[in-house]
K.L.:
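Would you mind keeping the following structure in view while I ask a few things?
All chains are named by letter (A, B, ...) in the order of the sequence lines, taking the proteins before the strands, and each is independently numbered beginning at 1.
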Protein chains: 2
Amino acid sequence: MALTVKGRATRQRIIEGAAVYLRGDEPGEVTLDDIRAITGTSKSQIFHYFPGGKEELLLAVARHESERVLEDQQPHLGALTSWAAWERWRDAVVARYRAQGRNCPLGSLMSQVGGTPGAAEVIGALLTSWRAHIRHGIERMQATGEIRPSLDADRLAAAFVAGIQGGVQVLRSSGSTWHLEATLDALIDHLRGV
Amino acid sequence: MALTVKGRATRQRIIEGAAVYLRGDEPGEVTLDDIRAITGTSKSQIFHYFPGGKEELLLAVARHESERVLEDQQPHLGALTSWAAWERWRDAVVARYRAQGRNCPLGSLMSQVGGTPGAAEVIGALLTSWRAHIRHGIERMQATGEIRPSLDADRLAAAFVAGIQGGVQVLRSSGSTWHLEATLDALIDHLRGV
DNA sequence: CCAAAAATGGACCGTAAGGTCCACAAAGGG
DNA sequence: CCCTTTGTGGACCTTACGGTCCATTTTTGG
């Protein structure tokens, strides 16, 4: 037996506790002691469940957080079938990041675990999936004739992903969602042919 | 006299040495010893010229690097007066960031100095100036009738800035400029009304 | 019920890294 | 030419933090 019920629970508690900490006010640099304190665990437990140490733990947290990103955009992201739906999605994205404020848990994570193998993979998988959803939405609108077929759905989806990333990054340093909204609106206008 | 000629030179050498280091292969976390080694200075000199320690030094480096960002886009960025000029600018941006590769000196800097007062200010000033240049370009094209006047120049300029930021961020984790190009092209197409 | 495996607590260690101090060298300026 | 200011070298200090170890408790499975 590798992990008992209790063991799985503890492991999960560590991941979620770390995630909570990262969503807090002062992320900066997470230390194992921060995580230890917030999760009520001991050093040995962290290394017991994450033999690879801090790096492995942070990567697990990144995976956990990256799942939330797309979930928070649902159900809108999965049903971009009308202009109204696009607007709802847009608003959901803006609301989500406005609520998150200057703290981007994933961003903090990536800056701490950035170079390691696996980090790029996590972020890459997220971006790919994100882009696929948007591309899917564009293609459906093209099928119904609401978006001209001459547009490259995949490439525009990539533009959305990059635009959102950038908007969020600006948000992190400026505290305002203005750039994010401007980018989303510009790209949606472009889809509409306005 | 606060700083002699020799003093100014040393101070500058420290800043530029740090910048060189950040542009190198393994930025991750800069340490004062890294900087000391690459600039051939001693600890006391660093603290002599930057009494605020690491934070003040890194902020100075960030200011130094942030100047390079717009310079590297000149003269194109300052003369967005025709569609050909926009394309040249687009290519210059892509080329610049492709050459930079996965290393974004400013990005590394911001992740290390992010929370401190002054950091946001440096990045904010850069983004504002960048946006102003682009807005200016859009307005000139509107004046000549090549861009429809119904478009909000300032907001679209913000979209460009955010889009580039995001494209570069994706580049940092994926190593590809594809997203960056997709975003720039989408926004330029939108300006063109394509 | 008992031995083996898993979970937990926490003292302890090693080191990297920022920062301090002080002695000495080199300009500067009157 | 000498005194004051500025520049430089580098030993040293302190702390934070990742990681190790082992003793103890709890759970598991036969």
K.L.:
For F50(B), answer base if it contacts any base atom (sugar-phosphate contacts may also be present), sugar-phosphate if it contacts only those atoms, and nothing otherwise; contact means non-hydrogen atoms under 4.0 Å.
P.N.:
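If one applies the 4.0 Å heavy-atom cut-off, F50(B) turns out to touch nothing in the nucleic acid.
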
K.L.:
Take the protein atom CD of Q112(B) and the nucleotide atom P of dA17(C), then report the distance between them rounded to whole Å.
P.N.:
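Computing the Q112(B):CD to dA17(C):P distance gives 11 Å.
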
K.L.:
Tell me whether T144(A) contacts the main-chain N or O of M141(A) through its side chain, where contact means a donor paired with an acceptor under 3.5 Å.
P.N.:
yes

K.L.:
Verify the contact: side-chain N or O of Y49(A) to OP1 or OP2 of dT8(C), cut-off strictly under 4.0 Å; return yes or no.
P.N.:
yes

K.L.:
Taking atom C1' of dT26(D) as reference, at what distance in whole Å does atom CG of L3(A) sit?
P.N.:
15 Å

K.L.:
Nearest-Å distance, CD1 (I35(B)) to P (dG19(C))?
P.N.:
11 Å

K.L.:
Hey, what are the protein-to-nucleotides 17-20 of chain D N/O distances that come in under 3.5 Å?
P.N.:
unit_1, atom_1, unit_2, atom_2, d
dG18(D), OP1, K54(A), NZ, 2.7
dG18(D), OP2, L32(A), N, 2.8
dG18(D), N7, K43(A), NZ, 3.4
dG19(D), OP2, K54(A), N, 3.0
dG19(D), N7, K43(A), NZ, 3.2
dG19(D), O6, K43(A), NZ, 2.7

K.L.:
Within this structure, what is the NZ-to-P distance between K6(A) and dA5(C), rounded to whole angstrom?
P.N.:
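Result: 18 Å.
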
K.L.:
To the nearest Å, give me how far apart CD1 (I46(B)) and P (dC21(C)) are.
P.N.:
17 Å

K.L.:
Rounded off to whole Å, could you give me the NE2-to-P distance for the H48(B) and dT5(D) pair?
P.N.:
13 Å

K.L.:
Counting only pairs under 3.5 Å, give me each side-chain donor-acceptor contact of residues 109-122 of chain B, with atom names and distances, residues two or more places apart or in other chains.
P.N.:
unit_1, atom_1, unit_2, atom_2, d
S111(B), OG, S108(B), O, 2.9
Q112(B), OE1, V30(B), N, 3.2
Q112(B), NE2, G28(B), O, 3.3
T116(B), OG1, V113(B), O, 3.0

K.L.:
Please report the shortest heavy-atom distance between W178(B) and A158(A), naming the atom on each side.
P.N.:
CZ3-CB, 3.3 Å

K.L.:
Quickly work out the L57(B) CG to dG19(C) P distance and round it to whole Å.
P.N.:
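Atom CG in L57(B) sits about 10 Å away from atom P in dG19(C).
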
K.L.:
Do E67(A) and R63(A) sit within salt-bridge range, that is, some charged N less than 4.0 Å from a carboxylate O?
P.N.:
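No, E67(A) and R63(A) are not salt-bridged.
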
K.L.:
Does Q45(A) have a side-chain nitrogen or oxygen under 4.0 Å from the phosphate oxygens OP1 or OP2 of dA7(C)?
P.N.:
no

K.L.:
Under 4.0 Å: is that the gap between some side-chain N or O of S42(A) and OP1 or OP2 of dA7(C)?
P.N.:
no

K.L.:
Under 3.5 Å, side chain of Q142(B) to main-chain N/O of L151(B), donor-acceptor pair present?
P.N.:
yes

K.L.:
What residues, two or more places apart in sequence or in another chain, satisfy ring-ring contact (aromatic ring centres under 6.0 Å, His included) together with H64(B)?
P.N.:
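Not a single residue meets the ring-ring contact (aromatic ring centres under 6.0 Å, His included) criterion with H64(B).
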
K.L.:
Considering non-hydrogen atoms only, spot the tightest contact between L80(A) and A85(A) and give its length.
P.N.:
CD2-O, 4.0 Å

